[in-house]
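Right, one structure below, let's go through it.
Convention: sequence-line order gives letters A, B, ...; per-chain numbering from 1.
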Protein chains: 2
Amino acid sequence: MRIGETAAAAGMTAKTLRFYEDRGLLPAADRAPNGYRDYAQETVSRLEFIRRGRTAGLTLAQIGDILSVRDIGLAPCVHVRDLLAQQLHDLDARIAELTALRATVAEFHDAAAAGDPAACDPERICSYL
Amino acid sequence: MRIGETAAAAGMTAKTLRFYEDRGLLPAADRAPNGYRDYAQETVSRLEFIRRGRTAGLTLAQIGDILSVRDIGLAPCVHVRDLLAQQLHDLDARIAELTALRATVAEFHDAAAAGDPAACDPERICSYL
DNA sequence: CTTAACCTTCCACTAAACTGGAAGGTCAAG
DNA sequence: CTTGACCTTCCAGTTTAGTGGAAGGTTAAG
């Protein structure tokens with residue numbers, strides 16, 4: 001697959017893939033005889049993993065750490081295991097923060113929904129926003 | 001409360017509070033006769049809310065939107081309600097992404113933990129990392 | 001009455017994660 | 001055989017969220 005096709009499959013741009021390669025999140029791609037990057041199908045999964053991590057608020061450096069562990073083939077090394085345990089811990093904390101935030105926003109929403117919607121003219125731009 | 005004390009209570013720096021004020025996330029603080037900012041106790045909750053949002057990966061602009069709705073006093077306006085519904089939807093999507101990511105990392109971790117930790121000398125820096 | 005720890009404003013700088021654009025090569029279609 | 005849509009490298013600019021530091025005011029403690 002060429003870079004544009006691969007990027008589109010992962011919902012990214014070709015620029016972003018070159019950037020990720022530069023940052024070490026993607027291994028240097030194979031090259032076609034004409035010099036074009038040639039990606040394997042699995043690259044899309046890798047990119048989707050990166051995207052999930054980004055959406056979750058991880059930095060590219062953190063995602064890179066996780067990927068480098070995966071790339072090693074999951075050697076039974078205490079350091080690798082501990083790194084992953086740390087990542088899990090961080091993710092749990094992040095999920096807890098997000099859940100707390102959701103609860104707070106849900107309270108705001110319920111209070112707003114309790115009011116009479118007819119009290120606000122839908123034709124007019126809301127004067128508050 | 002002075003700025004440093006308030007910032008410390010929320011786990012931030014005074015610089016960050018001034019920055020948030022500049023960006024409209026904090027209303028302009030009352031001033032003591034000497035010109036120092038004087039914060040109310042509730043400011044800490046507001047800062048904690050901002051911090052939760054940041055940890056969750058929201059931008060300051062998104063957090064500002066939520067806060068401005070809260071500041072209005074939750075008027076029963078369809079637009080306000082819809083904005084909050086959208087925020088809830090976004091938060092749910094983010095929680096789902098994060099949960100999926102956690103599952104993937106947990107798989108890596110379980111595979112790594114299944115190996116024999118004794119196979120790696122804890123004294124040596126892990127050769128893989 | 002000076003020192004230290006606060007505070008003030010303002011301006012510049014940083015890091016992360018892209019994004020745009022220039023200058024040029026490749027290749028299938030008309 | 002040229003046009004258009006790809007691709008290449010390289011370098012510069014943008015946005016977000018701060019951080020650092022200068023230059024100076026305030027106040028409690030020694």
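In summary, of the residues considered (A/R94, A/Q87, A/Q86), a side-chain hydrogen bond (donor to acceptor under 3.5 Å, both in side chains) with A/D90 occurs for A/Q86 alone.
Among the nucleotides C/dA17, C/dT8, C/dT19, the one closest to the side chain of A/T59 is C/dA17. Counting only heavy atoms from C-beta on, A/R54 has its side chain closest to C/dA17 among C/dC7, C/dA17, D/dT19. Candidate nucleotides D/dT9, C/dC18, C/dT8 were compared by shortest atom distance to the side chain of B/R31, and C/dT8 ranks first. If you check C/dT8, D/dG18, C/dC18 against the side chain of A/L60, the one that comes closest is C/dC18.
Between the P atom of C/dC27 and the CD1 atom of A/I3 lies a distance of 17 Å, rounded to the nearest Å. Atom CG in A/L17 sits roughly 15 Å away from atom C1' in D/dC6 (whole-Å rounding). Going from atom CD of A/E5 over to atom P of D/dA5 covers 17 Å, rounded to whole Å. Counting to the nearest Å, the P atom of C/dC18 and the CZ atom of A/R51 are 12 Å from each other. Rounded to whole Å, atom P of D/dG18 lies 7 Å from atom CE of B/M12. Counting to the nearest Å, the P atom of D/dG18 and the CG atom of B/L26 are 12 Å from each other. In this structure, A/D65 places its CG atom 13 Å from P of C/dA16, rounding to the nearest Å. Atom OH of B/Y36 is separated from atom P of C/dT9 by 11 Å (rounded to the nearest Å).
Remark: A/R37 is not in phosphate contact with D/dC7, judged by side-chain N or O atoms under 4.0 Å from OP1 or OP2. When the side-chain nitrogen and oxygen atoms of A/T16 are compared with OP1 and OP2 of C/dT19, one or more of them lie within a distance under 4.0 Å.
In this structure a side-chain-to-backbone donor-acceptor pair under 3.5 Å is missing from B/D38 to B/R31.
A salt bridge links A/R46 with A/D71: the closest approach of a Lys/Arg side-chain nitrogen to an acidic carboxylate oxygen falls below 4.0 angstrom. With respect to the salt-bridge test (charged N to carboxylate O, under 4.0 angstrom), the residues A/E97 and B/R54 do not qualify.
Comparing A/F19 and B/G35 by the nucleotide of DNA chain C that holds the closest heavy atom to each, the one mapping nearer the 5' end is B/G35. Across the interface with DNA chain D, nearest-nucleotide mapping of B/I50 and B/N34 shows B/I50 to be the residue nearer the 5′ end. Both A/D38 and B/K15 lie near DNA chain D, and the one whose nearest nucleotide falls closer to the 5' end is A/D38.
Applying the 3.5 Å distance criterion, the base of D/dG18 shares no donor-acceptor pair with the side chain of B/Y20.
Counted by atom type alone, B/T6 and B/R37 present zero donor-acceptor pairs between their side chains at under 3.5 Å.
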